[in-house]
A.B. asks: 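Mind looking over this structure? Questions follow.
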Amino acid sequence: MERPTAGLYLVATPIGNREDITLRALRVLREVDWVAAEDTRHSGQLLKHFQISARLISYHEHNTAQRIPQILKYLAAGQSVALISDAGTPAISDPGEELVRACIQDGIPVIPVPGPVAAVAALAASGLATGRFVFEGFLPLKASQRQARLQQLAQEERTLIFYEAPHRLQQTLQDLLDHCGPERQIVLARELTKLHESFWRGSLAAALEHCAAQPPRGEFTLVLEGRPPSEKEEISPSEAEVRQELARLLAEGLSRSAASRQLAQRFQGSLLWTRRRLYDLSLQLEPLLGSDPSPAVELSSATDDETES
């Protein structure tokens with residue numbers, strides 16, 4: 001057997017269908033000195049299927065501090081290591097990126113062996129624009145970080161790709177709808193390359209109804225339409241102006257919910273000032289008791305009908 005060049009090989013493995021592994025990946029896995037795997041039991045079954053006998057070492061998010069120095073020692077001694085994840089390409093939304101950086105710092109070659117990536121597979125089959133896209137992986141779980149990230153992404157004109165677990169899918173769709181609007185198009189790619197692979201395409205509003213009727217199962221890749229360039233931000237008052245107007249409405253006796261709803265109606269063309277964000281902002285305010293009931297800011301977009309509602 002030919003000995004491969006020393007270095008770290010990033011070997012993509014199937015995301016479902018085992019036939020998607022490449023001939024090069026099989027050769028590298030047979031020839032390297034070590035295979036660093038996210039789950040040695042899972043990867044052991046894959047290697048056994050292809051009749052590959054390899055020395056396995058675990059490498060995952062909970063043992064990077066221990067494993068990185070150990071793997072670097074092997075590599076510095078002139079050995080070769082293949083890094084694989086449970087599915088897809090290692091170092092993409094994966095602790096492998098830490099090992100890659102460590103190798104680069106030590107001057108150790110990093111050799112990609114490309115193959116399946118769920119994000120790219122979903123994008124290619126989505127029917128949405130593929131020329132420019134952004135891979136976001138999993139959204140933050142912490143509420144404040146999540147909302148801040150979504151506010152930024154709502155303005156993104158490139159196609160967006162997310163990963164999501166089934167038990168969080170409905171909440172993520174609701175969050176996307178609140179920030180991007182009900183008509184933004186989305187594709188739900190489920191169980192890619194597996195027996196029950198499916199694609200659902202439609203608006204965010206329809207996607208929520210779909211998931212309510214059919215509880216999500218399996219792993220999902222979400223492909224979201226970017227903000228259409230024609231979707232202009234006609235209304236863009238500053239946060240200070242919005243705070244002042246919210247406080248005025250609260251001082252007049254409106255509830256936080258009613259004040260947020262009234263301003264959201266005035267800002268119907270705005271993706272930034274959604275009802276949810278206005279309500280969150282109102283929680284930070286105390287009513288300006290005794291303030292002048294006339295609007296502190298001239299909101300030219302508000303019509304008489306909207307104000308009365």
A.B. asks: Cluster question for you: counting only ILVMFWY and a side-chain heavy-atom cut-off of under 4.5 Å, with indirect links fine, are Leu83 and Val113 together?
C.D. replies: no
A.B. asks: Please confirm whether the backbone N or O of Thr193 pairs with a side-chain atom of Glu197, one donor and one acceptor, at under 3.5 Å?
C.D. replies: yes
A.B. asks: Could Glu156 and Arg132 be called an ion pair, given the rule that one side-chain N must be under 4.0 Å from one carboxylate O?
C.D. replies: no
A.B. asks: Might you point out which heavy atoms bring Ser85 and Thr13 nearest each other, and give the distance in Å?
C.D. replies: O-OG1, 3.4 Å
A.B. asks: Is Thr22 reaching over with its side chain to a backbone N or O of Gly115, donor-acceptor style, under 3.5 angstrom?
C.D. replies: no
A.B. asks: Do Leu26 and Arg30 make a side-chain contact, defined as non-hydrogen atoms from C-beta onward lying under 4.5 Å apart?
C.D. replies: yes
A.B. asks: Distance-only, no hydrogens or angles: does the Tyr9 side chain make a donor-acceptor pair with backbone N or O of Ala25 under 3.5 Å?
C.D. replies: no
A.B. asks: Are side-chain heavy atoms of Leu139 and Leu150 found at a separation under 4.5 Å?
C.D. replies: yes
A.B. asks: Go through it in stages, so that I can follow the logic: the residues are Val134 and Thr159, the test is side chain to side chain contact (heavy atoms under 4.5 Å, CB included), and I'd like the CA-CA distance, side-chain angles, deciding distance and then a yes or no.
C.D. replies: CA-CA 6 Å; Val134 180; Thr159 302; over 6 Å; no
A.B. asks: With heavy-atom distances below 4.5 Å as the criterion, would you say the side chains of Gln79 and Arg55 are in contact?
C.D. replies: yes
A.B. asks: Could you tell me whether a side-chain N or O of Asn63 sits under 3.5 Å from a main-chain N or O of His60, the two making a donor and an acceptor?
C.D. replies: yes
A.B. asks: Test side chain to side chain contact (heavy atoms under 4.5 Å, CB included) on Ile186 and Leu173; report intermediate values, then the result.
C.D. replies: CA-CA 9 Å; Ile186 191 167; Leu173 290 174; 3.7 Å; yes
A.B. asks: Flag yes if Val35 and Ile111 sit in one hydrophobic cluster, no otherwise; membership is Ile, Leu, Val, Met, Phe, Trp, Tyr, and two members link when side-chain heavy atoms are under 4.5 Å apart.
C.D. replies: yes
A.B. asks: Any side-chain to backbone donor/acceptor pair from Thr221 onto Ala119? Under 3.5 Å, distance only.
C.D. replies: no
A.B. asks: OG of Ser198 to CG of Leu188: how many Å apart, nearest 0.5 Å?
C.D. replies: 8.5 Å
A.B. asks: Under 4.5 Å between side-chain heavy atoms, hopping through other hydrophobics if needed: is there a path connecting Val117 to Phe199?
C.D. replies: yes
A.B. asks: With no hydrogens and no angle check, just 3.5 Å: does a side-chain donor-acceptor pair link Arg18 and His49?
C.D. replies: yes
A.B. asks: So, the side chain of Thr89 versus the backbone of Pro116: is there a donor-acceptor pair under 3.5 Å, distance only?
C.D. replies: yes
A.B. asks: Of all the heavy-atom pairs spanning Leu8 and Cys103, show the shortest one and how long it is.
C.D. replies: CD2-SG, 3.8 Å
A.B. asks: Do side-chain atoms of Asp175 reach the backbone of Thr172 as a donor and acceptor pair under 3.5 angstrom?
C.D. replies: no
A.B. asks: Quick one, Phe135 and Ser93 - any side-chain contact, counting heavy atoms below 4.5 Å?
C.D. replies: yes
A.B. asks: If you look at every heavy atom in Ala165 and Phe138, which pair is closest and at what distance?
C.D. replies: N-CE2, 4.0 Å
A.B. asks: Establish whether Leu10 and Ile71 are linked, either directly or via other cluster members, by ILVMFWY side-chain heavy-atom contacts under 4.5 Å.
C.D. replies: yes
A.B. asks: Answer with yes or no whether the side chains of Gln147 and Arg277 bring together a donor and an acceptor at under 3.5 Å.
C.D. replies: no
A.B. asks: I want to check something: taking the side chain as every heavy atom from C-beta on, are Leu72 and Gln70 in contact at a cut-off of under 4.5 Å?
C.D. replies: no
A.B. asks: Give the intermediate values and the outcome of side chain to side chain contact (heavy atoms under 4.5 Å, CB included) for residues Ile57 and Val81.
C.D. replies: CA-CA 10 Å; Ile57 182 174; Val81 178; 5.5 Å; no
A.B. asks: Test your reading of the model: is there a side-chain donor-acceptor pair from Arg67 to the backbone of Ser58, 3.5 Å cut-off?
C.D. replies: yes
A.B. asks: Does Arg24 form a side chain to side chain contact (heavy atoms under 4.5 Å, CB included) with Val11? I'd like the steps, not just the answer.
C.D. replies: CA-CA 9 Å; Arg24 183 184 177 201; Val11 181; over 6 Å; no
A.B. asks: Compare every heavy atom of Arg184 with every heavy atom of Arg227, then report the nearest pair and how far apart it is.
C.D. replies: N-NH1, 3.4 Å
A.B. asks: Tell me if the CZ atom of Arg217 is crowded by more than 12 foreign heavy atoms within 6.0 Å.
C.D. replies: no
A.B. asks: Backbone N or O of Ile108 within a donor-acceptor pair of the Asp106 side chain at under 3.5 Å?
C.D. replies: no
A.B. asks: Between Arg275 and Asp178 (salt bridge meaning N to carboxylate O under 4.0 Å), is one present in this structure?
C.D. replies: no
A.B. asks: So, do Arg41 and Gln45 sit near enough that their side-chain heavy atoms are less than 4.5 Å apart?
C.D. replies: no
A.B. asks: Does one side chain, of Ser43 or Asp86, offer a donor that lies under 3.5 Å from an acceptor on the other?
C.D. replies: no
A.B. asks: Using modelled atom types and a 3.5 Å cut-off, is there a donor and acceptor pairing between side-chain atoms of Ser80 and backbone atoms of Ala6?
C.D. replies: no
A.B. asks: Around atom CD of Gln152, are there more than 12 heavy atoms of other residues, nucleotides or ligands at under 6.0 Å?
C.D. replies: yes
A.B. asks: How about Tyr59 and Thr64: do any of their side-chain heavy atoms sit closer than 4.5 Å?
C.D. replies: yes
A.B. asks: Hey, what do you get for CD (Glu245) to CG (Leu250), rounding to the nearest 0.5 Å?
C.D. replies: 10.0 Å
A.B. asks: Looking at Val32 and Ala82, what are the two nearest heavy atoms and their distance?
C.D. replies: CG2-CB, 3.8 Å
A.B. asks: To the nearest 0.5 Å, tell me how far Leu123 CG sits from Ile161 CD1.
C.D. replies: 4.5 Å
A.B. asks: Could you check if a side-chain atom of Leu153 sits within less than 4.5 angstrom of a side-chain atom of Phe162, using non-hydrogen atoms only?
C.D. replies: yes
A.B. asks: Closest approach of Gln185 and Glu183, non-hydrogen atoms and distance?
C.D. replies: NE2-O, 3.1 Å
A.B. asks: Salt bridge or not for Glu219 and Lys194, using N-O below 4.0 Å?
C.D. replies: no
A.B. asks: How many angstroms lie between atom CG of Leu204 and atom CD of Glu225, to the nearest 0.5 angstrom?
C.D. replies: 9.0 Å
A.B. asks: Can you tell me if CZ on Phe133 sees more than 12 non-hydrogen neighbours from other groups inside 6.0 Å?
C.D. replies: no
A.B. asks: Taking atom CG of Leu263 and atom CZ of Arg248, what is their separation to the nearest 0.5 Å?
C.D. replies: 8.5 Å
A.B. asks: Rounded to the nearest 0.5 Å, what's the gap from CG on Leu169 to CG on Leu222? Could you check?
C.D. replies: 6.0 Å
A.B. asks: Would you find more than 12 non-hydrogen atoms of other residues, nucleotides or ligands less than 6.0 Å from Leu283 atom CG?
C.D. replies: yes
A.B. asks: Would a hydrophobic clustering, with Ile, Leu, Val, Met, Phe, Trp and Tyr connected at side-chain separations under 4.5 Å, put Phe220 with Tyr163?
C.D. replies: no
